[in-house]
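The structure appears right after this line, and notes come after that.
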Protein chains: 2
Amino acid sequence: MPVMITIRDVARRLNLSITTVSRALDGYDDVAEETRRQVIEVAKEMGYTPNRAARELRRQRTDTLGYILPADKPQFADPFIAEFIAGLGDEAAANNFDLLVSTAPAESAQEKTLYQRWVQGGKVDGLVLNYTRLRDWRVQYLAGLKKPFVSLERSLDAVDFVGVEVDPGEGYAELIDYLIGMGHSRIAYVGGWRELKIQHDRFAAFERCLNSAAVQIDPTLVLEGDLTLEGGYQAVLRLLSLNRPPTAVVCVNDLTAIGALHAAHEMGLRIGRDVAVAGFDGIMGAAHTNPPLTTLDQPVYTIARKLVSLLLGLISGGEMPERQVRLQPKLMIRESTGGR
Amino acid sequence: MPVMITIRDVARRLNLSITTVSRALDGYDDVAEETRRQVIEVAKEMGYTPNRAARELRRQRTDTLGYILPADKPQFADPFIAEFIAGLGDEAAANNFDLLVSTAPAESAQEKTLYQRWVQGGKVDGLVLNYTRLRDWRVQYLAGLKKPFVSLERSLDAVDFVGVEVDPGEGYAELIDYLIGMGHSRIAYVGGWRELKIQHDRFAAFERCLNSAAVQIDPTLVLEGDLTLEGGYQAVLRLLSLNRPPTAVVCVNDLTAIGALHAAHEMGLRIGRDVAVAGFDGIMGAAHTNPPLTTLDQPVYTIARKLVSLLLGLISGGEMPERQVRLQPKLMIRESTGGR
DNA sequence: CTGTCTTTCCAAAACGGTTTGGATTATAAT
DNA sequence: ATTATAATCCAAACCGTTTTGGAAAGACAG
């Protein structure tokens, strides 16, 4: 670390008080224009940048947002997350906020410690939650401390919800209709951890659609994966080894579906003909799998930006024209289900 | 923000000085065991967590690392980045460091401001660089300020390099041998921005291999993309519309290659037969494109962790057994080039 | 009993900003 | 000439820690 240039150095050089330097740079109107000009010039010339820790300490805010990725496995690399973090980062940066990210297994002690360190230690002004659980301690914790936060999908906890929700209802109705139209009746579901709100909502929608089409759900065709490629691979390997295997597999997300493609390939099946596979997310690249993946597309990048924009509204504490955003995924039919 | 519990509150409750509370929690040996026990208990009960800004200010370090993604387009979403950030985050977290991320267009004023805010403002203890440029102002800037940093790929700037390098030489030799063995002689290259070290190294290796195999390089077959899917798509669309189109396309990264697949598909070509496509990176999912992508696989996640581990060594200032890591990518032959 | 160690604790000084509550001077109004 | 007003500036308090340099008290040795 080099010599640090403090506000004191700038003040000394100009024979001004640090107060005046501070106020000149912050644009207060009680400093003469000529003085301000000089301050700005000298500050720039000396390469002065206010120390963040000092400023944060005094101001009691950090201009920093936090996002903790709930990752069970250490090695987590979902394109969904890439897009999501990109959205968070871009929107934060556009508002001069920084984004702090970390990962911790869901419901672990590690997760609790990390949240505590950031929230009670005042490291962030607000947080973005993801992979919301049905009952989510994070929601209760943050709401209890009145710390600003937004989430993708609402938990069942009785707190007032600010965030984005994607309703799988209509999308699944379209998808299931389409699959049944293609002659499928043994339709499997590979989901995620059952405490996950998305798992709950999507599977519920799936069930509802099959019921209303009077198609039987075979419980042996419903498996729990873990949202990863590997999880989808293992689950579908099992499914396809059954005596009466499914003819279609609906997956809770695209990564699971890509694992499913892999498994079906390995079993020597022609995907789209012998077995249909569908995903959920519309990750970039889903259009380029082998074969291209039918999926329910949601605008992840935009959703992430929206979340940050909502969170910033919450932090600034003003009136919030909208606190909740609901949207529908869009069905993209591709060859993994036999195309049109 | 709720009432904040400070060290003063804990001290008051126990009739101790804040000094003692601080030292008890930090594990100094000049506090009685019984006292320490009480302090820890009460601190936990009151939910005390040291204020980060105050601690950072006093200690003059933040236990935070920074990574600024050079993204030209606001909307980047490279799986490579997802894996990279996952690696950075995991290794940082494993050492109780936080990771600050942001994005800024390469060489923009924005980028400079951001680095300055983080470095001179003392927001981070060290930085990870990526997409290193041949002459890289970031390298000069950080080296000049003696701020710890590591980079993936070394720039040509004369500073002492700590980081990871992936040498494309042998991998490309294998790949080109293989392509020539498959009968290709019109081989195109779709690269990235020419100031990029990876572009320079990879293209140089590509040229060298073709030369030593006495295969002509047609300059019209060498195009500059931008490392994105869209860039690869556009470039390959142009290539395949030439009077004498290439029979093989080598791409500087997997994303470009996936765009190439897309373009070839659209032109009605049978990939792997009419035209061969190869990438570089080995992103998760490359094995599942349509058709599966031949690529040079590098362990991105591991590289990222290694970078952080090197950076932490640099920050702690001790002896560093290794300062530079070199490794070779591994050729993965798949159907996009016709398989084996 | 005196002096020297240990053990245990603490007052006060940083760290580098921002903000409060004037002080000073010049200008305008009476 | 005096008073009110506006325009500039600044000393000092404050944010919540960590760390320095002892102080106090008890144990021990001579």
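Only this structure's heavy atoms are used, side chains among them; waters, hydrogens and symmetry mates stay out.
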Quiz item: From B:Leu129 CG over to B:Leu311 CG, what is the distance, rounded to the nearest 0.5 angstrom?
Solution: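 The distance works out to 9.5 Å.
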In this structure, how many angstroms lie between the [atom2] atom of [N] and the [atom1] atom of [X], rounded?
X: B:Ile18; N: D:dC15; atom1: CD1; atom2: P; answer: 12 Å
X: B:Glu34; N: C:dT7; atom1: CD; atom2: P; answer: 18 Å
X: A:Arg61; N: C:dT18; atom1: CZ; atom2: C1'; answer: 11 Å
X: A:Arg12; N: D:dC9; atom1: CZ; atom2: P; answer: 19 Å
X: B:Leu57; N: C:dG16; atom1: CG; atom2: P; answer: 7 Å
X: B:Arg55; N: C:dG16; atom1: CZ; atom2: C1'; answer: 18 Å
X: B:Leu25; N: D:dT17; atom1: CG; atom2: P; answer: 10 Å
X: A:Asp29; N: D:dT8; atom1: CG; atom2: P; answer: 9 Å

Quiz item: Quick one: does A:Arg52's side chain have a donor or acceptor within less than 3.5 Å of a partner on B:Val124's backbone?
Solution: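 Not at all, since once roles are kept as given, no pair shorter than 3.5 Å links the two residues.
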Quiz item: Is the backbone of B:Glu153 close enough, under 3.5 Å, to the side chain of B:Thr132 for a donor and an acceptor to pair up by distance?
Solution: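 Here the side-chain-to-backbone pair exists.
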Has [X] got a side-chain N or O lying under 4.0 Å from the OP1 or OP2 atom of [N]?
X: B:Gln60; N: C:dG16; result: yes
X: A:Thr6; N: C:dG16; result: no
X: B:Thr19; N: C:dA11; result: no
X: A:Ser22; N: C:dG17; result: no
X: B:Tyr48; N: D:dT17; result: yes
X: B:Tyr28; N: D:dT19; result: yes
X: B:Thr20; N: C:dC10; result: yes

Quiz item: Across the strands shown, which category fits A:Asp30 at heavy-atom distances under 4.0 angstrom: base, sugar-phosphate, nothing?
Solution: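 If one applies the 4.0 Å heavy-atom cut-off, A:Asp30 turns out to touch a base.
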Practice problem: Name the nucleic acid region contacted by B:Asn15, choosing base, sugar-phosphate or nothing; use a 4.0 angstrom heavy-atom cut-off, strictly under. | Solution: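 It contacts sugar-phosphate atoms only.
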Can you identify which nucleotide, out of [options], has its nearest atom closest to the [X] side chain?
X: A:Arg23; options: C:dG17, C:dT19, D:dT17; result: C:dT19
X: A:Ala32; options: D:dT8, C:dG16, D:dG16; result: D:dT8
X: B:Arg59; options: D:dT18, D:dC9, C:dC10; result: D:dT18

Self-check item: Member of A:Phe149, A:Trp137, A:Tyr141 meeting the ring-ring contact (aromatic ring centres under 6.0 Å, His included) criterion with A:Tyr115
Solution: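 Only one of A:Phe149, A:Trp137, A:Tyr141 forms a ring-ring contact (aromatic ring centres under 6.0 Å, His included) with A:Tyr115, namely A:Trp137.
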Quiz item: Within a reach of under 6.0 Å around NZ of B:Lys112, are more than 12 heavy atoms found that belong to other residues, nucleotides or ligands?
Solution: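 Enclosed: over 12 neighbouring heavy atoms sit under 6.0 Å from NZ of B:Lys112.
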Exercise. Return yes when atom CG of A:Asp29 has more than 12 non-hydrogen atoms of other residues, nucleotides or ligands closer than 6.0 Å, and no otherwise.
Key: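 Open.
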Exercise. Look at the side chain of A:Arg58 and the base of C:dT18, then say whether one donor and one acceptor between them are separated by less than 3.5 Å.
Key: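 Checked by distance alone, the answer is yes.
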Practice problem: Could you pick out which residue, B:Ala54 or B:Thr35, lies toward the 5' side of DNA chain C when each is mapped onto its nearest nucleotide? | Solution: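 Mapping each residue to its closest nucleotide by heavy atoms, the 5'-most match is B:Thr35.
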Quiz item: Pick the nucleotide of DNA chain D nearest each of B:Pro50 and A:Glu33; which residue has the one closer to the 5' end?
Solution: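 Result of the comparison: A:Glu33.
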